[in-house]
> 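Handing you a structure now.
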Amino acid sequence: MKYADYASTSDGLIERIKNTVSRLFKKGRVCFARKQKTQGFERVEQKLGQYPTNRILDLVGTVGTIIVDDRSINRHAFVENEQGHRAEIVSTWELLTAMYESEKIKLEELYAMRTELRGMGLVHLPVDVKELITYLQVARVEDEQVIETNELKSWRQSIILSRISELALFPAELPWLHSMTQSLVSLIGELWTMNEDVSTKRARSAWLFALFDTHESFHIQVTKEESRPVQSLKANLIVSLIFVNDNFDPTVHQAYKEWIDDVMQHIQEDDPNTYRQVIEIIQAQFVNIGDPDSVGEKEKCDETQSIGS
């Protein structure tokens, strides 16, 4: 029954696309280009087979913008053919964002369409702090657990797919990974400034932190040498979370300290390598603050001491 529903939905989407393209073609807003044969194309075609987005490049010179969701193409700002014609490369995510900024669609429509994109299996998408906070505020919390809505589920599954995808290559994915970690720090910090009870803040923070589990991330494509910057990112994320509470009021500061202490205990037990890196980063920060001539005389921190204080 589930797959029958998927098939029915796919058929409906195909019909909507066909009808929309037909209507816009009659208005002159959509044009069709003849498939072109370029020098050496047969050799490329033999190698790539019927790779769908390969055909899109035939449109260069006919259109000014190509909207495509293919990471091998989207990493470029534009594409140029042999005649020197250029076409701008835009993803569906960028198109939807531009439509919202130009007031063509409403915010709730933007969020709904982004959820559809995640549900379709798109990976390495940007993290919108405002959007994710909106979903977390709507979701119920029971027994210190976030009850996932469809929107939150799509977020979590999209990030899981990003982690295990065979498309995950390094160091190309490090900017996305770094951006995601910084967004999570901002999200968790903002959650603790809201007027919510502590159990709700802990539950939402735990749900967010669970999104970043680099202990299992990118295991398909990442070698031992390449995993070091990923592991370091996780350690720096935790260090950022430790010091994100500087602007909290005293009551919230204490509650947050207890939560981050629990996180550190969990890391120490389940991921000792990351725990050791966190300690080393904090030690280095305090050494740099002090007299550089006395670096050799610094004693190591007691790792059993509460790290969140």
Side-chain angles (χ1 to χ4, degrees), residues 127-149 151-156 159-160 177-217 231-286 288-289 300-309:
V127 176
D128 187 323
V129 173
K130 182 179 178 181
E131 180 185 3
L132 192 45
I133 281 184
T134 299
Y135 295 150
L136 282 169
Q137 287 180 310
V138 172
R140 302 194 326 274
V141 174
E142 297 179 2
D143 299 326
E144 293 196 4
Q145 297 287 327
V146 172
I147 308 301
E148 284 188 348
T149 59
E151 291 79 7
L152 289 179
K153 184 178 180 181
S154 76
W155 267 92
R156 179 174 54 80
I159 292 179
I160 290 175
L177 190 57
H178 184 269
S179 174
M180 188 187 76
T181 60
Q182 293 306 308
S183 296
L184 289 180
V185 172
S186 299
L187 275 162
I188 291 175
E190 189 164 342
L191 285 176
W192 282 85
T193 63
M194 294 181 178
N195 188 22
E196 303 277 2
D197 60 81
V198 172
S199 62
T200 298
K201 293 176 180 178
R202 288 178 63 97
R204 290 172 176 170
S205 299
W207 186 89
L208 285 170
F209 187 77
L211 295 179
F212 194 94
D213 183 7
T214 52
H215 189 62
E216 299 176 356
S217 292
Q231 197 76 8
S232 178
L233 263 178
K234 183 176 182 181
N236 279 283
L237 165 69
I238 296 169
V239 172
S240 297
L241 288 174
I242 290 172
F243 295 107
V244 80
N245 61 352
D246 288 344
N247 297 323
F248 294 165
D249 65 60
T251 303
V252 175
H253 185 283
Q254 179 60 30
Y256 182 84
K257 171 187 174 302
E258 293 172 0
W259 176 74
I260 201 67
D261 281 347
D262 290 342
V263 169
M264 283 301 297
Q265 183 176 355
H266 170 75
I267 295 297
Q268 185 178 19
E269 295 171 355
D270 293 351
D271 194 353
N273 288 334
T274 297
Y275 182 84
R276 183 173 60 253
Q277 281 191 327
V278 170
I279 298 300
E280 291 173 352
I281 292 171
I282 294 176
Q283 288 174 347
Q285 288 182 354
F286 280 104
N288 290 335
I289 292 174
K300 291 188 176 181
C301 299
D302 181 0
E303 295 186 7
T304 61
Q305 188 177 5
S306 172
I307 198 69
S309 54

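Fair warning: this is a prediction, and the values are worked out from it, not measured in the lab.
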> Measuring from Trp207:CH2 to Leu191:CG, what's the distance to the nearest 0.5 Å?
10.5 Å

> Distance from Asp128 atom CG to Leu187 atom CG, nearest 0.5 Å?
9.0 Å

> Could you walk me through whether Glu151 and Thr134 satisfy the side-chain contact (heavy atoms from CB on, under 4.5 Å) test, starting with their C-alpha distance in whole Å, then the side-chain angles of each, then the deciding distance to 0.1 Å, before giving a yes or no?
CA-CA 10 Å; Glu151 291 79 7; Thr134 299; over 6 Å; no

> Can you tell me how far OG1 of Thr193 sits from CD1 of Ile188, rounded to the nearest 0.5 angstrom?
12.5 Å

> For a 4.5 angstrom cut-off between non-hydrogen side-chain atoms, does Ile242 reach Met264?
yes

> What I'd like to find out is whether the side chain of Lys234 reaches to under 4.5 Å of the side chain of Asp271, using heavy atoms alone.
yes

> Measure the OG-NE2 distance between Ser183 and His178 for me, rounded to the nearest 0.5 Å.
10.0 Å

> Quick one, Lys201 with Val252, criterion side-chain contact (heavy atoms from CB on, under 4.5 Å). Give me CA distance, side-chain angles, the key distance, then yes/no.
CA-CA 10 Å; Lys201 293 176 180 178; Val252 175; 4.1 Å; yes

> Measuring only between side-chain heavy atoms, which start at C-beta, is Ile159 closer than 4.5 Å to Met180?
yes

> Side chains of Val146 and Leu152: closer than 4.5 Å at any heavy-atom pair?
yes

> Go through the steps for Leu208 and Arg204 under the test side-chain contact (heavy atoms from CB on, under 4.5 Å), then give the verdict.
CA-CA 6 Å; Leu208 285 170; Arg204 290 172 176 170; 5.6 Å; no

> Quick one: are Asp261 and Lys257 in side-chain contact, heavy atoms under 4.5 Å?
yes

> Side chains of Glu148 and Trp155 only: does a donor on one sit below 3.5 Å from an acceptor on the other?
no

> With rounding to the nearest 0.5 angstrom, report the CD1 to OH distance, Ile238 to Tyr275.
10.5 Å

> Please examine the side chains of Met194 and Ile133, heavy atoms only from C-beta on, and report whether any two atoms are closer than 4.5 Å.
yes

> On the 0 to 90° scale, with breaks at 30° and 60°, tag the Trp192-Phe248 ring pair as parallel, tilted or perpendicular.
parallel

> A side-chain contact here means heavy atoms from C-beta on lying under 4.5 Å apart; do Asp197 and Val141 qualify?
no

> Between Tyr256 (side chain only) and Gly189 (backbone N and O only), is there a donor and an acceptor less than 3.5 Å apart?
no

> Under 3.5 Å, is there a donor-acceptor pair between the side chain of Asp249 and the main chain of Thr251?
yes

> Any chance CZ of Arg140 has more than 12 other-residue heavy atoms, nucleotides or ligands included, within less than 6.0 Å?
no

> Run Phe209 and Leu237 through side-chain contact (heavy atoms from CB on, under 4.5 Å) and show every step you take.
CA-CA 10 Å; Phe209 187 77; Leu237 165 69; 4.3 Å; yes

> Can you tell me how far apart CZ (Arg202) and OG1 (Thr200) are? Round to the nearest 0.5 Å.
11.5 Å

